[in-house]
Amino acid sequence: MSSPVIVYPPELPVSAARDEIAAAIRDHQVVIVAGATGSGKTTQLPKICLELGRERIAHTQPRRLAARTIAERVAEELHVELGDLVGYKVRFTDQVSDATRIALMTDGILLNEIHRDRLLRRYDTIIIDEAHERSLNVDFLLGYLHRILPERPDLKLIITSATIDPESFAAHFTSRNGEPAPIVEVSGRTYPVEIRYRPLSDADATPEESAAGGRGRGRPAGRDSVKSLRSSEPAATEPEDEVGAIVAALRELDREAPGDVLVFLPGEAEIRDAAEAVRGAYRSSTSPVEVLPLYGRLSAAEQHRVFEKSKVAGLRRRVVLATNVAETSLTVPGIKYVIDAGTARISRYSARSKVQRLPIEAVSQASANQRSGRAGRQSSGIAIRLYSEDDFEKRPEFTEPEILRTSLASVVLQMLSLGFGDITEFPFLTPPDSRGVKAAFDLLTEIGAVDLPRGSQPRLTRVGREISRMPMDPRFARMLVEAARAGSDVLTAVTPIVAGLSIQDVRERPSADAPQSVRDEADRMHARFVDPTSDFLTLVNLWNHLREQQKELGSSAFRRMCRSEHLNYVRVREWFDVHRQLKTLVKAPKHSGRPATEGAPDPDAVHRAILAGLLSQIGILDERTASTSKNKAKGEKRRIAEYRGARGIRFSIFPGSGLRRKSPQAVMAAEIVETSRTYARTVAAIDPAWAEALAGDLAKRQVTEPHWSKDAGAAVAYEKVTLFGVEIIPKRRVQFARIDRAGARELFLRHALVEGEWDPPGSTNASVRSGGRTPSCGADWRNSRSASDAETSSPATRPCSPSTTSASRTRCSMCAPSRSGGARRWPRRPSCWSCARATCSTTTAVRIRPSSPPGGRRTIRCWGWPTASSRAPRTTA
DNA sequence: GAGCACTGC
């Protein structure tokens, strides 16, 4: 085929640097291109590569939409049809052909191709775009590419990043002769943005600082008048709260040229508060402002208002109140001013509690600059930061890479599947935290995906290999594996559930400023599908409804139906797409389980399959909090029933759940997230009998030290079984007949190898494991009197996570004084007897610390998870 | 009675 005519738009800064870039690519295997927004690097780099004679170019993007639109753009500039010379590949769709030489794709796609093409031989050039975002995918890709570059001397790697920190990429790709990869810097094409600092009064900034930060501008007059509207305090002070500061900043901008304002706030609640205040402040104003909230959970129509022309007559300006959506995925048009509260909800995975947290944190300097940059896209602008310059200077330069903030289970699984047994050997740009890696192994062991044989590298089980092929959360993938085992009818029900869990909820709840009637209507529409025992079955009901409607209606009628029933059409399509993909990946064996039957599957069978992925996500109703809430009910705010879960966490059911009011005795949750409280999302009531069945596997078995009973003429001990601290099998007496006390102890210790020294976990001796069989038990062994003491002070007897028993910490976080000051309810103990003793995964070997802890108690704790197949009760065919 | 944003053969 004829070569395309390659022309570079002269207005793009990258065009001027193209000879330099081309030379760098020609002479080096790895090149870093650092360019700000608008430099044109994304669209022009593939053309430069093409001109250099590169034949098969992979160009990755973090988002699907970007991959597609950039492909369209490049094809247009080269005057070729999309899918011909230039194509794209994203999940569910691709437009590539044999003629394709430039393939735009999401980084996830390239990552996945590694499984079939270990050295990525199908490409001779790889461009990793937006590497500065440091997504988990990019970090893993860069580590992997670092590994294979010596084996692929013909492969060219180009990494592009914003101007922040290109040196770290260059250093990571240092060549054999010790030279870092060359960096080519390209200027951006944005307009200047003036930064003004307007800290809140309770911030630590001095007035001089804020004056300096504000380029010597005086305090605006309007701000004080707003302040006096909001409170009776002296008007001369700075606003004390965020909402007041936003209104004050808007008043300040009122004296500037017209232009829309983008306000960055951490979350939905803050947006609601701010919206109310801004509307209130401008209600009587002669020049009205339009307030538009913008966040991810908003309905498509409400989000779209940002891109539409306003219908308000005589509008002075629009004020868009947004979360981080506006920083990454959406570009709000026409913004001239930015007000930045300087915070965001950042996702963090707690390796200790294994719960996802969403704390509100100060954003990094890079993020703050990205936000203020939004004011300079179309003309020069102003950004007002609601914090001091000093505060800004103290902030971390970059947002922590995702690899340090997220669950690593999926990455670890992929690595094992690709044959990297030792994760510490992998050339990560930023090595993940060892606690995070351990947490990942814990999870993978829990779901039976990995085996940790004594003295050798961890390896994938058969289940693990199946799970690693599935593009989703390992917990969810585990459910599918179990469903397939249970039979095709269970699989048929579980597949849409799993697909539904792995996308954003299709149900749309109108924002608070929508009319009450609309919100009630949405609630009513959604309530039709509610199953009072299980949110999972609710998903099935909703799924069945959607599939029926889709069959009956034409596509545009179906779309209208979705809108009128407050279901997000785009996400519904995504649900269908994921479902279709999962169906091709997982098939039930022909003769397994019951034959496929018409109609509803056995809910218990469905829940058992789901449970296989959620073993440590079980919670048991805390009767005490439930009962106190009844006593306290005096027209006051009702207390929400709390559940006790694994690792001592407490949670309540998410308000959107159909089980919220019922408060069942035992639940399992698809997801547990900590925000202001800890919420379990998508829950199902589980049969209390299951809990008992599970107890044998999961529960902590506590046995008292045997003592001689004259009465019985034998050694006796007391045993009880608890699941996550809740007694499942009540205390009962165990007799060791015709054995004296010493014999009884022998009997008990038969499975426990007692050695003189106890090695703190973390040393090589600490994780004692047995091969093969991994019964799960915890034994808590001490003299009988202290055992009964412990039972009466039950909050302290909850199991502690073995991961907290690090050498440096002799107390676990539950027993140690709480840093947050009294948030923990259980009594503090002088030292931790329940975790800082010994840890093992089975009963075959336990080391006991030689000195007894205060109170003369001795503890053996065994903690491990059974292999997955042994856990869930099986269906009989 | 409530939650940042992405993504995958």
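A, B, ... follow the sequence lines: proteins, then strands. Residue 1 opens every chain. What you see is a predicted model, and the numbers here were worked out from it, not measured in a lab.
When the P atom of B:dG3 is taken as reference, atom CD1 of A:I346 falls 16 Å away, rounded to whole Å. Atom pair A:M105:CE and B:dT7:P shows a separation of 16 Å (rounding to whole Å applied). For the pair A:I503 CD1 and B:dA5 P, the computed distance is 16 Å after rounding to whole Å. Here B:dG8 presents its P atom at 12 Å from CZ of A:R68, a figure rounded to the nearest Å. Distance A:R677 CZ to B:dA2 C1': 11 Å, rounded to the nearest Å. Regarding A:R509, its CZ atom lies at a distance of 12 Å from the P atom of B:dG3, rounded to whole Å. When the P atom of B:dG3 is taken as reference, atom CG of A:D273 falls 12 Å away, rounded to whole Å. The distance between atom CG of A:L265 and atom P of B:dA2, rounded to the nearest whole Å, is 18 Å.
In this model, no side-chain donor or acceptor of A:R660 finds a partner on the base of B:dG1 within 3.5 Å.
When the side-chain nitrogen and oxygen atoms of A:R469 are compared with OP1 and OP2 of B:dG8, none of them lie within a distance under 4.0 Å. Contact check, A:R91 against B:dC9: a side-chain N or O comes under 4.0 Å of OP1 or OP2. Residue A:T106 places at least one side-chain N or O under 4.0 Å from the OP1 or OP2 atom of B:dG8.
Of the residues in residues 575-585 of chain A, A:Q581 come within less than 4.0 Å of DNA chain B through at least one heavy atom, sorted by number. Scanning residues 523-533 of chain A for heavy-atom distances under 4.0 Å to DNA chain B yields an empty list.
Picking from B:dC4, B:dA2, B:dG8 the nucleotide with the shortest atom distance to the side chain of A:L358 gives B:dC4. For A:P471, whose side chain is taken as the heavy atoms from C-beta onward, the closest listed nucleotide among B:dC9, B:dA2, B:dA5 is B:dC9. Taking only side-chain atoms of A:T675, from C-beta outward, the nucleotide of B:dG3, B:dA2, B:dC4 with the closest atom is B:dG3. Picking from B:dT7, B:dG3, B:dA5 the nucleotide with the shortest atom distance to the side chain of A:R681 gives B:dG3. For A:E268, the side-chain atoms get nearest to B:dC4 when compared with the rest of B:dC6, B:dC4, B:dG8.
Looking at residues two or more places apart in sequence or on another chain, you find a side-chain contact (heavy atoms from CB on, under 4.5 Å) between A:E574 and A:R64, A:F92, A:I503, A:V578. Residues passing the side chain to side chain donor-acceptor pair (under 3.5 Å) test with A:D520 are A:Q516, sequence neighbours excluded. The side chain to side chain donor-acceptor pair (under 3.5 Å) check on A:Q365 picks up nothing, with sequence neighbours excluded. Looking at residues two or more places apart in sequence or on another chain, you find a ring pair (Phe, Tyr, Trp, His ring centres under 6.0 Å) between A:F428 and A:F426. Evaluation of the ring pair (Phe, Tyr, Trp, His ring centres under 6.0 Å) rule for A:F651 yields A:Y643 as partners, not counting sequence neighbours. A:D340 pairs by the side chain to side chain donor-acceptor pair (under 3.5 Å) definition with A:R371, A:Y387, not counting sequence neighbours. A:S410 is linked by a side chain to side chain donor-acceptor pair (under 3.5 Å) to nothing, counting only residues two or more places apart in sequence or in another chain.
Contact annotation for A:G267: backbone-only contact, meaning every heavy-atom pair under 4.0 Å involves sugar-phosphate atoms and none involves a base. Across all strands shown, A:V325 has heavy atoms under 4.0 Å from sugar-phosphate atoms exclusively, and none from any base. Heavy atoms of A:E674 sit nowhere under 4.0 angstrom from any nucleic acid atom. A:R63 comes within 4.0 angstrom of sugar-phosphate atoms only, judged by non-hydrogen atoms across all strands, and of no base. As judged by a 4.0 angstrom heavy-atom cut-off over every strand, A:Y679 is placed among residues touching the sugar-phosphate backbone only. Across all strands shown, A:T323 has heavy atoms under 4.0 Å from sugar-phosphate atoms exclusively, and none from any base. Residue contacts shown for A:D505 are absent, as no nucleic acid heavy atom lies under 4.0 Å away.
Both A:A269 and A:G108 sit near DNA chain B, but only A:A269 has its closest nucleotide nearer the 5' end. Heavy-atom nearest nucleotides on DNA chain B were determined for A:N137 and for A:R345, and the one closer to the 5' end corresponds to A:R345.
Judged purely by atom type and a 3.5 angstrom limit, A:D124 uses its side chain to pair as donor or acceptor with the backbone of A:R56.
Using a 4.5 Å cut-off on side-chain heavy atoms (C-beta onward), A:T343 and A:L265 make no contact. Using a 4.5 Å heavy-atom cutoff, the side chains of A:Q617 and A:M668 are not in contact.
One finds a salt bridge joining A:R650 and A:E642 here, because a Lys/Arg side-chain nitrogen approaches an Asp/Glu carboxylate oxygen to under 4.0 Å.
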